[in-house]
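Input: a single structure, listed below in structure tokens.
We count ligands from 1, going down the list as the structure has it; atoms in each ligand are counted the same way.
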Amino acid sequence: MQTSISAELRRRFTQAKRVLVLTGAGVSAESGVPTFRGGGQTAVWKGMPFDVISSGEMLERNLPAVWEWFDYRRGVLSSLEPNPAHYEIAGWQDQFPEFTLVTQNVDGLHQKAGSRDVIELHGNVWRARCTVCRLHHDMAQSTRPEACPSCGNAFRPDVVLFGEMLPPGAFELASSKAAECDLCFVIGTSALVYPAAGLPKIAKQAGAYICEINPERTPLSDLCDEVITGKAGEVVTQISK
Ligand code: BJW
């Protein structure tokens, strides 16, 4: 089990031209955001497993229940702050000729730490969108309107629920960046949810060096060139030292 940064990773980090970072819920764990899986816990809301309440099927059946779940989530998130991993990753964006941050997280903490142009594969809880015309509404600034001012239809959380398609163009952009990168970090994701979990495979096929940072092994661990066992906030901050 590797818990420290190898000399090889330090060398590659210094010389990399195109870096891609894929993050998951584990990056926000040290900020106090519950993860979906791992640690023996299964997220449950009012007796419903999260993959039931966070599903496209539930949205069709009971939109008010889905809003109640996301209103609760925003309430929890509103008092939470980015942690050292978010800040360190934000600092990386100016250290390489090309840098891409792809996140599965919907909490907005990367942006709060200063990351720019984040590719959000699964949306963001701080936005709503019209169920029909996709007009966006910023939930951080104001509460959601009863109906879409453009077409009169209902708003929904602007997140990608199970069984739904990713935002148009998001995966295409992420996969093209993965296919061009020379160093790829996979941080704090169980790597169970597709198509996000396919990105490191694309990077590997393109010849990139892949480094996973996670306290637990994942289905991607065997594919990685380096697996560092540890918490994101502790490991990520050591890489450039
Ligand atoms: C730490 C740490 C610390 C702890 N430091 N680390 C191919 C094969 C099989 C199935 C599919 C497939 N392609 C598509 C599918 C279907 C499905 C899917 O993948 N299902 C699998 C689960 C079986 N995918 C979809 O439905 C996607 N849509 C899609 O593909 O559309 C096309 C299509 C439609 C229909 C049929 C077929 C194709 C959409 C996926 C949307 C995911 N949405 C969610 C909910 C968002 C809203 C909400 O927040 O409620 O996104 S699910 C949930 O999982 C959330 C996350 O972004 C996502 C990933 O989770 P993540 O980030 O990996 O977190 P965890 O909790 O799983 O893991 C945390 C990790 O952190 C653990 O490893 C810990 O060890 C670690 N950790 N502390 C570092 N301090």
Side-chain angles (χ1 to χ4, degrees), residues 1 3 21-45 48-60 65-74 76-77 82-86 88-89 102-110 118-129 156-168 170-172 174-175 185-201 211-221 224 227-239:
M1 190 169 76
T3 55
V21 177
L22 171 67
T23 63
V27 164
S28 294
E30 289 155 85
S31 292
V33 183
T35 59
F36 297 90
R37 311 168 187 84
Q41 302 262 322
T42 305
V44 172
W45 164 250
M48 278 179 280
F50 83 89
D51 53 351
V52 172
I53 185 72
S54 278
S55 68
E57 207 186 332
M58 181 59 77
L59 190 111
E60 300 272 309
V66 175
W67 266 121
E68 199 187 334
W69 160 235
F70 280 95
D71 288 345
Y72 164 77
R73 299 262 299 277
R74 284 198 321 285
V76 172
L77 285 172
N83 65 57
H86 293 109
E88 183 70 15
I89 293 167
V102 184
T103 191
Q104 299 168 82
N105 298 346
V106 296
D107 54 32
L109 288 175
H110 280 302
V118 182
I119 301 178
E120 293 179 320
L121 291 180
H122 296 161
N124 192 307
V125 294
W126 297 103
R127 279 193 312 267
R129 77 164 194 266
R156 56 162 287 173
D158 189 21
V159 294
V160 182
L161 305 169
F162 271 114
E164 294 191 314
M165 304 302 282
L166 271 56
F171 185 73
E172 291 74 6
S175 54
F185 289 96
V186 188
I187 311 176
T189 176
S190 59
L192 291 170
V193 174
Y194 280 81
L199 290 171
K201 295 177 191 170
C211 172
E212 177 175 71
I213 299 168
N214 198 312
E216 295 175 15
R217 288 187 71 81
T218 77
L220 284 179
S221 301
C224 293
V227 176
I228 305 176
T229 305
K231 293 182 174 179
E234 293 167 8
V235 176
V236 166
T237 48
Q238 296 306 312
I239 292 172

For [X], counting its heavy atoms only, list the atoms of ligand 1 lying under 4.0 Å from any of them.
{"X": "Ser54", "result": "48 (C), 50 (O)"}
{"X": "Ala29", "result": "78 (N)"}
{"X": "Glu164", "result": "27 (C), 28 (N), 29 (C), 31 (O), 39 (C)"}
{"X": "Ala232", "result": "3 (C), 5 (N), 79 (C)"}
{"X": "Ala25", "result": "61 (P), 62 (O), 64 (O)"}
{"X": "Gly24", "result": "62 (O)"}
{"X": "Met165", "result": "31 (O), 32 (C)"}
{"X": "Pro215", "result": "1 (C), 2 (C), 6 (N), 77 (N), 79 (C)"}

Partner set under salt bridge (charged side-chain N to carboxylate O under 4.0 Å, His left out) for Glu212, not counting sequence neighbours = none

Partners of Glu164 by salt bridge (charged side-chain N to carboxylate O under 4.0 Å, His left out), sequence neighbours excluded?
-> Arg156

Could you tell me whether [X] approaches ligand 1 through its side chain, its backbone, both or neither, with non-hydrogen atoms closer than 4.0 Å?
{"X": "Val193", "value": "both"}
{"X": "Arg73", "value": "side chain"}
{"X": "His122", "value": "side chain"}

Using atom types as modelled and distance alone, determine if a side-chain donor or acceptor of [X] lies under 3.5 Å from a backbone N or O of [Y].
{"X": "Ser221", "Y": "Thr218", "value": "yes"}
{"X": "Thr35", "Y": "Arg37", "value": "yes"}
{"X": "Asn105", "Y": "Asp107", "value": "no"}
{"X": "Ser55", "Y": "Met58", "value": "yes"}

Looking at Leu220, Ile213, Asn214, Thr23, which hits side chain to side chain contact (heavy atoms under 4.5 Å, CB included) with Val186?
-> Leu220

Contact (N/O only, under 3.5 Å) between Lys231 and ligand 1 =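 There is no such contact.
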
Distance-only N or O hit between ligand 1 and Thr218, under 3.5 Å |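 Looking only at distances, the answer is no, because the N/O contact criterion of under 3.5 Å is not met.
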
How are the rings of Phe36 and Phe50 set to each other: parallel, tilted or perpendicular (split at 30° and 60°)?
->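 Taking Phe50 first and then Phe36, their aromatic rings sit tilted (interplane angle of 30° to 60°).
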
Option nearest [atom] (shortest heavy-atom distance, choices [options]):
{"atom": "atom 46 (C) of ligand 1", "options": "Val186, Leu161, Val160, Val159", "answer": "Val160"}
{"atom": "atom 47 (C) of ligand 1", "options": "Trp69, Phe171, Phe50, Phe70", "answer": "Phe70"}
{"atom": "atom 54 (O) of ligand 1", "options": "Arg217, Arg37, Gln104, Glu212", "answer": "Arg37"}
{"atom": "atom 74 (C) of ligand 1", "options": "Asn214, Asn105, Val235, Leu166", "answer": "Asn214"}

Centroid-to-centroid, Trp45 to Tyr72, below 6.0 Å?
-> yes

Got a sec: does the CD of Glu60 have more than 12 other heavy atoms crowding it under 6.0 Å?
->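 Open.
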
SB check Arg127 Glu120 (cutoff 4.0 Å) |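 Answer for the salt bridge query: yes.
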
Below 4.0 Å from any atom of ligand 1, is there a heavy atom belonging to Glu234?
->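 No heavy atom of Glu234 comes that close to ligand 1.
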
